[in-house]
Amino acid sequence: MSRDVLADEAHVALRTIADFESSKRSAIPATLAAIRTALETAGVEFIAENGGGPGVRLRKAAPPGES
C-alpha cells in the first residue's frame, strides 16, 4: 500500500504518514487508530506479543466459495 492510498483510506494527511514513518513526529492515538483500521481493512493482521515479539501478517484469503 502506498503512502497516498494509506493516507486516503485512513483520512489523514499524506504529510502525517510521511512524518510518522520518518519519526519527525509522533502520531496521536486517533491517528494511529485510523491507520490501523485502514491497514486491517486492507488485510493486515496485527499479532500480539507471543514470546516472539509483536508483528504483522497478511490475512489468508478465504477459500473459493467462502466469504
Side-chain angles (χ1 to χ4, degrees):
M1 177 180 289
S2 70
R3 286 179 177 174
D4 291 328
V5 171
L6 179 56
D8 187 52
E9 295 296 321
H11 305 288
V12 300
L14 178 59
R15 174 61 33 207
T16 299
I17 301 293
D19 286 351
F20 180 63
E21 286 181 334
S22 63
S23 300
K24 288 184 179 176
R25 65 172 143 163
S26 297
I28 60 172
T31 301
L32 289 176
I35 292 169
R36 180 178 180 134
T37 298
L39 291 170
E40 288 175 336
T41 299
V44 174
E45 292 182 333
F46 289 82
I47 304 164
E49 173 73 45
N50 61 2
V56 296
R57 66 177 171 215
L58 293 176
R59 181 174 46 245
K60 287 184 179 180
E66 291 185 26
S67 333

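Please read all numbers here as calculations on a predicted model, not as lab measurements.
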- Of all heavy-atom pairs linking Leu32 and Ala27, the shortest is CD2-CB, 3.6 Å

- Non-hydrogen atoms of Ala10 and Ala34 that approach each other most closely: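 The answer is O-CB, 3.4 Å.
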
Spatial distance of atom [atom1] ([X]) from atom [atom2] ([Y]) [nearest 0.5 Å]:
X     : Y     : atom1 : atom2 : value
Met1  : Thr41 : CE    : OG1   : 8.5 Å
Ile35 : Glu9  : CD1   : CD    : 12.5 Å
His11 : Thr16 : NE2   : OG1   : 13.5 Å
Ile17 : Ser22 : CD1   : OG    : 11.0 Å

- Query: So do the side chains of Ile47 and Val56 get within less than 4.5 Å of each other, counting heavy atoms only?
  - Reply: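 A side-chain contact under 4.5 Å is absent here.
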
- Are Phe20 and Val12 side-chain neighbours, meaning at least one heavy-atom pair lies under 4.5 Å?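 Phe20 vs Val12: side chains apart.
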
- Message: Closer than 4.0 angstrom, basic N to acidic O: yes or no for Arg59 and Glu40?
- Response: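 Glu40 and Arg59: not salt-bridged.
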
- Message: Any salt bridge linking Glu45 with Arg57? Criterion: basic side-chain nitrogen under 4.0 Å from a carboxylate oxygen.
- Response: yes

- Item | Lys/Arg cation over aromatic Phe46: Arg36, 6.0 Å, 45° cone |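 Judged by the rule (NZ or CZ under 6.0 Å from the ring centre, within 45° of its axis), Arg36 counts as positioned above Phe46.
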
- Message: Let me check something: do Val5 and Leu58 share a hydrophobic cluster, defined by ILVMFWY side-chain heavy atoms less than 4.5 Å apart, either directly or through other members?
- Response: yes

